[in-house]
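Before any comments, here is the structure.
Side-chain atoms are counted along with the backbone in the values below, which use heavy atoms only and exclude waters and symmetry mates.
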Amino acid sequence: MFVYLTVGRVNTDAARGRECYFSTKCRCFSFLPTQNYNAVCSNSKLHAIPVFKDNIHSIDLSYNRIQKIQNKHFSNNGNLKELNLSHNKIKSLSKNSFYGLRKLSMLIVSQNAIDSVETNTFFYLQSLAYLDMKHTRINVSTLQSLPFLKTLRMDFILNESNNLSFTLLHLKHLDMSGMSGRCEARTLTEDVFKFIPNIEDLNLSACKINWIYKGTFKFMRNLSILDLSYNQCLTFSEAENVTHDLIYTSIKVLKVNKIHKTFQMNTMIKRSHLRNLKGTNLIELQVNSNRIQKMEKGGITSATEYTSYNIHVR
């Protein structure tokens, strides 16, 4: 979903939008008292990107047939803040694809066939705070030129490399969920996330995780939301290594929904599985869809001895 920021009072014509003067395939939405426009060109069967004026605030080009971004195409759009290119047929990005977009804060390129990305492709996006590149094959090493990125949505295939090869000290929100992209990370070690220590919200749901070593999350002092749901081979026994690390974090919400297989019987929560949560800042624990049939005496109270929080069980 593309986000539009509204400024000032909206008149009736602007709310409905009108055909953009620079392209019959786009609708323009203006906001008073500014002279800026949001251009919506989605689902317009576009094969090429129109030429936009410099008073455009956001552009939605999703669900078209665009195959290429011409070099320096956006060179006159220095005031552009948001750009959505998702669900197109873009195959490559060059170092000049985003030339001139010095104020761009949000970029969505998900659901494209991108498999070729030149070094320094994102060099000109020094204001970028949000990047969605799910269902692409963009090499994570190109992200190194985005020092102020705060939110990243990406695929995560952990194979020969045992860590994410970029350092983003301002990154706060990282979504690698297999629910909305491709994720396969069967084993997580203490080195995987070592270059992104300031994460606050980490989504690793549906990543086919089997095992997580102690120390994987220990250095994430600011981690407050962790989602490990729908890793059906993880189980509560293996998740004990996770709770061991969380005492060193700022954890508030832990989601471990459906971390057991659908027809697995005699799922049991032991005291040892949750005892490390006592003394944390946890306010919500989700354990839905785990077919819990047994609970060792003190299994829950061992985690709530020094704190209280909402427990979701279905």
Side-chain angles (χ1 to χ4, degrees), residues 138-144 146-147 149-179 181-260 269-282 284-287 302-303:
I138 296 176
N139 192 311
V140 295
S141 63
T142 62
L143 302 179
Q144 198 64 49
L146 296 172
L149 193 67
K150 293 182 179 179
T151 300
L152 175 62
R153 303 184 74 244
M154 59 174 280
D155 294 338
F156 185 41
I157 308 298
L158 194 64
N159 41 43
E160 68 278 356
S161 175
N162 65 348
N163 61 59
L164 296 176
S165 56
F166 56 79
T167 302
L168 295 172
L169 297 180
H170 288 84
L171 193 65
K172 305 296 183 184
H173 310 280
L174 179 57
D175 177 0
M176 300 190 290
S177 172
M179 304 291 286
R182 298 179 301 121
C183 187
E184 185 171 335
R186 299 186 183 278
T187 301
L188 298 181
T189 69
E190 58 272 24
D191 293 326
V192 174
F193 304 115
K194 65 181 180 180
F195 295 121
I196 45 175
N198 297 317
I199 295 293
E200 296 176 1
D201 181 356
L202 179 59
N203 190 341
L204 290 168
S205 59
C207 283
K208 301 179 182 179
I209 300 172
N210 296 332
W211 182 261
I212 300 176
Y213 280 89
K214 288 182 180 179
T216 299
F217 307 110
K218 183 177 180 179
F219 60 91
M220 292 184 173
R221 304 291 182 179
N222 300 323
L223 185 65
S224 59
I225 302 174
L226 176 61
D227 192 348
L228 293 168
S229 302
Y230 300 100
N231 290 293
Q232 297 184 45
C233 293
L234 187 57
T235 75
F236 284 111
S237 295
E238 279 68 32
E240 187 175 337
N241 284 350
V242 176
T243 61
H244 172 273
D245 286 356
L246 295 183
I247 59 177
Y248 302 99
T249 70
S250 302
I251 194 68
K252 292 182 179 179
V253 179
L254 175 61
K255 302 177 184 180
V256 283
N257 302 309
K258 200 173 179 61
I259 59 171
H260 280 255
I269 293 182
K270 295 183 178 180
R271 182 181 177 88
S272 61
H273 295 162
L274 301 177
R275 65 185 174 192
N276 291 315
L277 295 177
K278 68 181 181 180
T280 67
N281 297 317
L282 197 71
E284 182 176 331
L285 173 64
Q286 296 186 14
V287 292
S302 66

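- Ile251 and Thr249 get closest at one heavy-atom pair: N-OG1, 3.2 Å.
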* **Worked verdict on Leu202 versus Met220 for side-chain contact (heavy atoms from CB on, under 4.5 Å)** => CA-CA 10 Å; Leu202 179 59; Met220 292 184 173; 4.2 Å; yes

* **Leu254/Gln286 under side-chain contact (heavy atoms from CB on, under 4.5 Å): CA gap, chis, key distance, verdict** => CA-CA 6 Å; Leu254 175 61; Gln286 296 186 14; over 6 Å; no

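- In terms of heavy-atom proximity, Cys183 sits nearest to Ser177 at CB-C, 4.1 Å.
- Between Leu174 atom CG and Ile196 atom CD1 the span is 5.0 Å, to the nearest 0.5 Å.
- By the 4.5 Å heavy-atom criterion applied to side chains, Met176 and Arg153 are not counted as neighbours.
- Using a 4.0 Å cut-off between charged side-chain N and carboxylate O, Glu184 and Arg182 make no salt bridge.
- Note that CD of Glu190 and CZ of Phe219 are 9.5 Å apart. Values are rounded to the nearest 0.5 Å.
- Here Asn276 contributes atom CG and Lys214 contributes atom NZ; the two are 7.5 Å apart, rounded to the nearest 0.5 Å.
- Taken from CG in Leu152 to CG in Leu146, the straight-line distance is 9.0 Å, to the nearest 0.5 Å.
- With His170 contributing its side chain and Pro147 its backbone, the two residues share a donor-acceptor pair below 3.5 Å.
- A heavy-atom distance below 4.5 Å is found between the side chains of Val287 and Phe236.
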* Full working for side-chain contact (heavy atoms from CB on, under 4.5 Å) between Arg275 and Glu240 -> CA-CA 9 Å; Arg275 65 185 174 192; Glu240 187 175 337; 4.2 Å; yes

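- By the neighbour-count criterion of 12 heavy atoms within 6.0 Å, atom NZ of Lys252 is sparsely surrounded, having that number or fewer from other residues, nucleotides or ligands.
- Side-chain N or O atoms of Asp245 include one that pairs as donor or acceptor with a backbone N or O of Phe217 at under 3.5 Å.
- Closest of all the heavy-atom pairs between Leu246 and Thr280 is O-CG2, 3.9 Å.
- Remark: Lys218 is positioned above the aromatic ring of Tyr248, its terminal NZ or CZ atom under 6.0 angstrom from the ring centre and at most 45 degrees off the axis.
- Between atom CG of residue Leu188 and atom CD1 of residue Ile209 there is a gap of 4.5 Å, rounded to the nearest 0.5 Å.
- For the pair Asn203 and Leu228, the minimum side-chain heavy-atom distance is 4.5 Å or more.
- When side chains are defined from C-beta on, Phe193 counts as touching Thr216, because their heavy atoms get closer than 4.5 Å.
- The closest donor-acceptor contact from the side chain of Asn231 to the backbone of Ile259 lies at 3.5 Å or more, if one exists at all.
- Residues Met154 and Val140 have side chains in contact (heavy-atom distance under 4.5 Å, counting atoms from C-beta outward).
- Judged by distance alone, the side chains of Asn222 and Glu200 never bring a donor and an acceptor atom under 3.5 Å apart.
- Counting heavy atoms from C-beta on, the side chains of Leu171 and Thr151 never come closer than 4.5 Å.
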* To do: Mind running side-chain contact (heavy atoms from CB on, under 4.5 Å) on Val242 and Leu226 for me, showing each step along the way?
  => CA-CA 10 Å; Val242 176; Leu226 176 61; 3.8 Å; yes

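- For the pair Ser229 (side chain) and Asn257 (backbone), a donor-acceptor distance under 3.5 Å is present.
- Here the CG atom belonging to Asn139 is positioned 3.5 Å from the OG atom belonging to Ser141, to the nearest 0.5 angstrom.
- Summarising the geometry of Val192 relative to Phe156, their closest heavy-atom pair is CG1-CZ, 3.8 Å, with the distance given to 0.1 Å.
- Proximity of a side-chain donor or acceptor of Asn198 to a complementary backbone N or O of Leu169 within less than 3.5 Å is detected.
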